[in-house]
2 protein chains.
Amino acid sequence: MTARRHSRQRELIKSFLETRKDHPTADTVYRNVRNQNPRISLGTVYRNLTLLAEEGEIRRLNVGDGVDRFDGDVSPHYHFVCQKCGQVLDLQIEGMEEIDYAASENFHGRIAGHVTYFYGLCGSCADQTEDPS
Amino acid sequence: MTARRHSRQRELIKSFLETRKDHPTADTVYRNVRNQNPRISLGTVYRNLTLLAEEGEIRRLNVGDGVDRFDGDVSPHYHFVCQKCGQVLDLQIEGMEEIDYAASENFHGRIAGHVTYFYGLCGSCADQTEDPS
DNA sequence: ATAATTAATAATAATGATTCCTATTTTTAT
DNA sequence: ATAAAAATAGGAATCATTATTATTAATTAT
């Protein structure tokens with residue numbers, strides 16, 4: 001029971017996310033997906049994003065700005081948030097598995113994983129801000 | 001100009017936070033601080049928590065559950081969120097400075113820092129869940 | 001000390017993201 | 001094709017947080 005059914009809307013949402021590398025918010029997904037289906041509702045977008053994230057088909061990101069973002073790329077990687085322009089970029093980092101072990105050292109309990117995002121200035125914002133000495 | 005003035009309410013909020021190690025939400029701060037000052041308003045609590053966090057006197061935490069938490073301890077440390085009981089615990093980890101360098105390796109731009117929290121089962125929840133084999 | 005400033009507050013309205021509700025529409029199994 | 005129930009559309013509701021504004025209180029000048 002509780003079998004999951006196919007839906008046009010969910011497929012549309014998922015394939016839209018796969019075309020984007022910029023981690024859009026639910027509202028951005030909604031506004032874009034309406035080009036293909038003008039009658040889709042915002043609630044449907046939220047429900048399906050949550051469903052897809054729960055099933056591990058997409059990732060939900062929270063970079064602390066009060067809005068959830070979604071990532072169609074579920075391969076292991078990290079994120080960077082530009083403090084100036086606000087864009088969210090992908091980041092590959094080596095050897096991050098170890099930090100769960102490092103955290104376990106002084107901790108009684110079971111550490112299942114971690115959430116990390118980096119912040120600073122992205123390439124173009126850093127160039128603009130460059131100290132002209 | 002724009003000199004900051006002293007206020008009873010801000011002092012009350014800050015000293016309350018210093019007594020707590022459990023990273024309370026704004027609403028929890030509000031409900032507790034009302035014992036000392038029943039006329040304090042929720043807006044005042046929010047405004048002062050934001051102000052104190054901006055000045056670095058307290059820390060604002062976001063563990064992805066849609067509510068901001070506040071920490072009176074501004075010394076460098078990390079946080080752990082129990083997936084079962086929801087409590088937020090402090091965590092000391094060695095050698096975490098390196099991860100900003102590791103992240104910079106494959107990144108064009110300036111990395112200023114990172115935000116990390118760990119999740120899993122806290123000590124007592126892990127004990128309860130223990131496999132009784 | 002007293003009066004003049006103006007930051008801070010209290011109380012409440014407003015906002016914005018997200019979730020909930022329900023009658024209707026789609027999927028899927030028979 | 002029909003029935004059962006998952007999913008949707010549209011809109012109302014929720015909840016954390018921010019904004020507004022008249023009033024109060026902390027600081028500064030007199």
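Chain letters run A, B, ... following the sequence lines, proteins first, then strands; residues in each count from 1. Both backbone and side-chain heavy atoms feed into the values below; hydrogens, waters and symmetry mates do not.
Each of B:L42 and B:H6 was matched to the nucleotide of DNA chain C holding its nearest heavy atom; the match closer to the 5' end belongs to B:H6. DNA chain D is contacted by both B:A26 and A:V45; A:V45 maps to the nucleotide lying nearer its 5′ end (nearest heavy atom per residue). Mapping A:L51 and B:T50 onto DNA chain D by nearest heavy atom places A:L51 at the nucleotide closer to the 5' end.
Across all strands, A:N48 comes closer than 4.0 Å only to sugar-phosphate atoms, never to a base (heavy-atom distances). Contacts of B:D27 with the nucleic acid, taken as non-hydrogen atoms under 4.0 Å apart, are absent.
Distances shorter than 4.0 Å separate none of the side-chain N or O atoms of B:R8 from OP1 or OP2 on D:dA25. Between A:Q9 and C:dT26, a side-chain N or O to OP1/OP2 separation shorter than 4.0 Å is absent. Remark: A:S41 is not in phosphate contact with D:dG10, judged by side-chain N or O atoms under 4.0 Å from OP1 or OP2. Using a 4.0 Å cut-off, no side-chain N or O of B:Y46 falls inside it from OP1 or OP2 of D:dT18. For D:dA9, one of the phosphate oxygens OP1 or OP2 lies less than 4.0 angstrom from a side-chain nitrogen or oxygen of A:T44.
Counting all heavy atoms, side chain and backbone alike, A:L121 lies closest to A:C82 at CA-SG, 4.0 Å.
Distance B:R31 CZ to D:dC15 P: 13 Å, rounded to the nearest Å. In this structure, CD of A:E11 is placed 14 Å from P of D:dA7, rounded to the nearest angstrom. Between the OH atom of A:Y30 and the P atom of C:dT19 there is a distance of 16 Å, given to the nearest Å. When the P atom of D:dA16 is taken as reference, atom CG of B:L49 falls 14 Å away, rounded to whole Å. We find that CG of A:N37 is positioned 13 Å from C1' of C:dT25, with the value rounded to whole Å. When the P atom of C:dA17 is taken as reference, atom CZ of A:F70 falls 13 Å away, rounded to whole Å. As rounded to whole Å, 11 Å separates atom C1' of D:dT23 from atom CZ of B:R39. Distance CZ (B:R10) to P (D:dA26): 11 Å, rounded to an integer number of Å.
No side-chain heavy atom of B:S41 sits less than 4.5 Å from a side-chain heavy atom of B:Y30. B:Q87 is not listed as a side-chain neighbour of B:D22, based on a closest heavy-atom distance of 4.5 Å or more.
Using a 30° and 60° split on the angle between ring planes, A:H77 and A:H23 fall in the tilted class, from 30° to 60°.
Of the candidate nucleotides C:dA8, C:dT19, D:dA16, C:dA8 has the atom nearest to the side chain of B:R4. For A:R5, counting side-chain heavy atoms from C-beta on, the closest listed nucleotide (C:dA8, C:dT19, C:dT27) is C:dT27.
Side-chain N or O atoms of A:N106 include one that pairs as donor or acceptor with a backbone N or O of B:Q92 at under 3.5 Å.
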